[in-house]
Amino acid sequence: MATRAKKSPARSAQTSAAKAPKPIEFTKEQELEAYRQMLLIRRFEEKAGQLYGMGFIGGFCHLYIGQEAVVTGMQMSLKEGDQNITGYRDHGHMLACGMSPRGVMAELTGRRGGLSKGKGGSMHMFSKEKHFYGGHGIVGAQVSLGTGLAFANRYRDNGNVSLAYFGDGAANQGQVYESFNMASLWKLPVVYIIENNRYAMGTSVSRASAETDFSKRGLSFNIPGIQVDGMDVRAVNAAGEEATAWARSGKGPMILEMQTYRYRGHSMSDPAKYRSKDEVQKMRSDHDPIEQVKNRLIEKGWSTEDDLKKIDKDVRDIVADAADFAQSDPEPDASELYTDILL
């Protein structure tokens with residue numbers, strides 16, 4: 001009679017998604033840092049939407065409003081030299097990495113002071129200095145490139161980790177799973193962050209994905225995953241600390257499914273009629289990432305309403321300055337058409 005082979009502890013431990021760590025209790029300074037960073041992203045995106053409506057921004061424009069806690073919490077878990085790469089909903093990631101609001105906004109309006117000299121627009125900005133390797137317009141392409149960044153880190157033995165952000169829609173792309181296989185096989189230091197905002201380009205996850213728990217997407221490659229409340233910056237940070245420590249220690253990749261929500265349509269041209277206004281309003285009133293931090297600051301006596309209004313004013317001034325610069329800065333000279341070209 002044949003005997004059943006025993007499962008190894010390592011393999012059986014990865015037959016289901018890992019349990020999310022408890023949210024980290026932030027200090028006053030961490031709460032204020034998160035509040036200011038998320039508010040900067042929110043106000044920047046609101047202004048970008050306004051400029052788009054006025055005709056100052058052309059082409060595509062995908063706003064990050066509602067998802068601010070994801071990149072803010074993850075960025076708080078990184079060390080100098082760690083890298084970020086994402087898709088086309090990328091303005092928030094740039095700001096979280098410390099890229100200039102003026103430079104980001106000027107790129108959106110196609111001006112020479114933009115971070116890609118006005119030639120890239122919303123989806124194509126880059127900063128070697130800030131270790132930001134781009135927004136990418138090809139769905140899922142950044143996952144392979146982020147895996148390549150991790151391969152370079154492992155080859156150089158520099159201790160750095162790469163973060164590859166992508167959405168629930170991109171999670172069904174084939175190159176994503178080729179990347180998972182390579183990263184797991186070679187134990188590459190990469191964290192895959194699936195920003196599950198529930199609707200991809202306009203179709204509910206339940207209608208487009210056979211497996212709606214995206215934290216399990218790497219199990220066939222022995223990649224552990226964690227499902228995270230992506231509307232709570234503390235929960236994001238706790239998961240980020242665990243995932244980056246895992247990858248940095250040589251154990252290979254990890255997947256974080258951030259359960260988040262975008263308040264606007266997929267892009268500025270999307271009226272988002274596939275969901276109800278009541279659903280959006282409920283998310284805003286019950287789970288808004290910025291309001292959660294604001295409430296904690298006030299309840300703990302760490303800030304007053306007036307303190308937080310001052311932070312909001314300071315942020316609005318930064319965004320207003322960026323918008324003024326982005327409308328007054330000259331457009332690139334025609335000669336720029338022939339620079340930065342690889343033949």
Side-chain angles (χ1 to χ4, degrees), residues 18 64 67 70-99 115 123-167 170-171 173-196 214-215 217-218 221-226 228 230 236-258:
Y64 201 61
Q67 300 183 212
V70 176
V71 73
T72 300
M74 287 303 304
Q75 200 64 25
M76 292 172 74
S77 71
L78 299 188
K79 297 181 179 179
E80 177 61 31
D82 291 343
Q83 304 127 325
N84 290 274
I85 190 166
T86 188
Y88 41 71
R89 197 179 307 281
D90 53 2
H91 315 151
H93 301 74
M94 298 171 197
L95 295 172
C97 287
M99 294 165 71
L115 289 166
M123 297 188 284
H124 302 101
M125 283 180 252
F126 179 96
S127 174
K128 183 178 180 181
E129 176 191 3
K130 300 297 182 182
H131 312 292
F132 180 77
Y133 288 82
H136 292 268
I138 299 175
V139 177
Q142 72 274 20
V143 181
S144 300
L145 295 172
T147 305
L149 290 169
F151 176 81
N153 291 335
R154 182 175 180 273
Y155 185 81
R156 294 166 178 154
D157 195 23
N158 57 20
N160 293 336
V161 171
S162 76
L163 305 187
Y165 293 85
F166 55 107
Q173 291 285 316
Q175 69 265 38
V176 170
Y177 299 95
E178 295 174 13
S179 299
F180 285 178
N181 186 61
M182 179 182 289
S184 182
L185 189 64
W186 293 345
K187 301 293 184 225
L188 301 183
V190 55
V191 179
Y192 297 111
I193 301 158
I194 303 175
E195 298 195 70
N196 179 7
F214 291 92
S215 67
R217 289 298 183 95
F221 304 101
N222 288 326
I223 301 177
I226 301 174
V228 185
V236 172
N237 183 240
E241 294 282 358
E242 182 169 319
T244 53
W246 173 277
R248 210 182 303 278
S249 67
K251 295 178 181 177
M254 182 178 284
I255 294 172
L256 301 180
E257 180 201 348
M258 299 294 176

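If you're wondering where the values come from, they're calculated on a predicted model, not measured in any experiment. Residue numbers count from 1 along this sequence.
Not counting sequence neighbours, the partners of Tyr88 by the side-chain contact (heavy atoms from CB on, under 4.5 Å) test are His62, Met123, Val139, His266. With sequence neighbours left out, the side chain to side chain donor-acceptor pair (under 3.5 Å) criterion links Thr244 to no other residue.
Contact detail for Leu145 and His136: the closest heavy-atom pair is CD1-CE1, 3.4 Å. Closest non-hydrogen pair, Asp90 versus Gly135, comes out as OD2-CA, 3.2 Å. Thr147 and Ala183 get closest at one heavy-atom pair: CG2-CB, 4.2 Å. Val190 and Ala247 make their closest contact through N-CB, 4.0 Å (heavy atoms, listed as atom of the first residue, atom of the second, distance). Across all their heavy atoms, Pro189 and Asn153 have their closest contact at CG-CB, 4.1 Å. Across all non-hydrogen atoms, the minimal contact from Tyr192 to Ser179 is OH-O, 3.5 Å.
Exactly one of Met258, Gln75, Glu241 qualifies for a side chain to side chain contact (heavy atoms under 4.5 Å, CB included) with Val236. That residue is Met258. The side chain to side chain contact (heavy atoms under 4.5 Å, CB included) with Leu115 is formed by just one residue from the set Met125, Lys130, His124; it is Met125.
We find the OH-NE2 distance between Tyr165 and His93 to be 5.5 Å, quoted to the nearest 0.5 Å. Separation of atoms OG (Ser215) and CG (Asn196) is listed at 10.0 Å; rounding is to 0.5 Å. Taken from CD1 in Ile85 to CZ in Phe132, the straight-line distance is 8.0 Å, to the nearest 0.5 Å. Going from atom CD of Glu129 over to atom NE2 of His131 covers 8.5 Å, rounded to the nearest 0.5 Å. To the nearest 0.5 angstrom, Thr86 atom OG1 is 6.0 Å from Glu195 atom CD. Rounding to the nearest 0.5 angstrom, the gap separating the OH atom in Tyr64 from the CZ atom in Arg89 is 9.5 Å.
Annotation: side chain of Leu256 is in contact with side chain of Val191 (closest heavy-atom distance under 4.5 Å). Under the 4.5 Å side-chain criterion, counting only non-hydrogen atoms from C-beta, Phe166 is not in contact with Ile193. Put simply, the side chain of Phe151 does not reach to within 4.5 Å of the side chain of Met182, judged on heavy atoms. The side-chain heavy atoms of Leu185 and Phe221, taken from C-beta on, include no pair separated by under 4.5 Å. Annotation: side chain of Tyr133 is in contact with side chain of Leu149 (closest heavy-atom distance under 4.5 Å). Side chains of Asn237 and Met76 form a contact here, defined as non-hydrogen atoms less than 4.5 Å apart. Between Phe180 and Pro253, every side-chain heavy-atom pair lies at or beyond the 4.5 Å cut-off. Looking only at side-chain heavy atoms (C-beta outward), Ile226 and Glu242 come within less than 4.5 Å of each other.
Checking side-chain atoms of Ser162 against main-chain N and O of Gly146 turns up a donor-acceptor pair under 3.5 Å. Without hydrogens or angle criteria, Tyr177 side chain to Ala171 main chain gives a donor-acceptor distance under 3.5 Å. A donor-acceptor pair under 3.5 Å is absent between the side-chain atoms of Ser184 and the main chain of Asn181, judged by distance alone. Put simply, the side chain of Asn160 gets close to the backbone of Gly81: a donor and an acceptor are under 3.5 Å apart. Proximity of a side-chain donor or acceptor of Gln142 to a complementary backbone N or O of Gly134 within less than 3.5 Å is not detected. Judged by distance alone, the side chain of Arg217 and the main-chain N or O of Ile255 form no donor-acceptor pair under 3.5 Å.
In Ile138, the CD1 atom is not crowded: 12 or fewer heavy atoms of neighbouring residues, nucleotides or ligands sit closer than 6.0 Å.
Counting only residues at least two apart or on different chains, the salt bridge (charged side-chain N to carboxylate O under 4.0 Å, His left out) pairs with a member in residues 76-85 are Asp82-Arg248.
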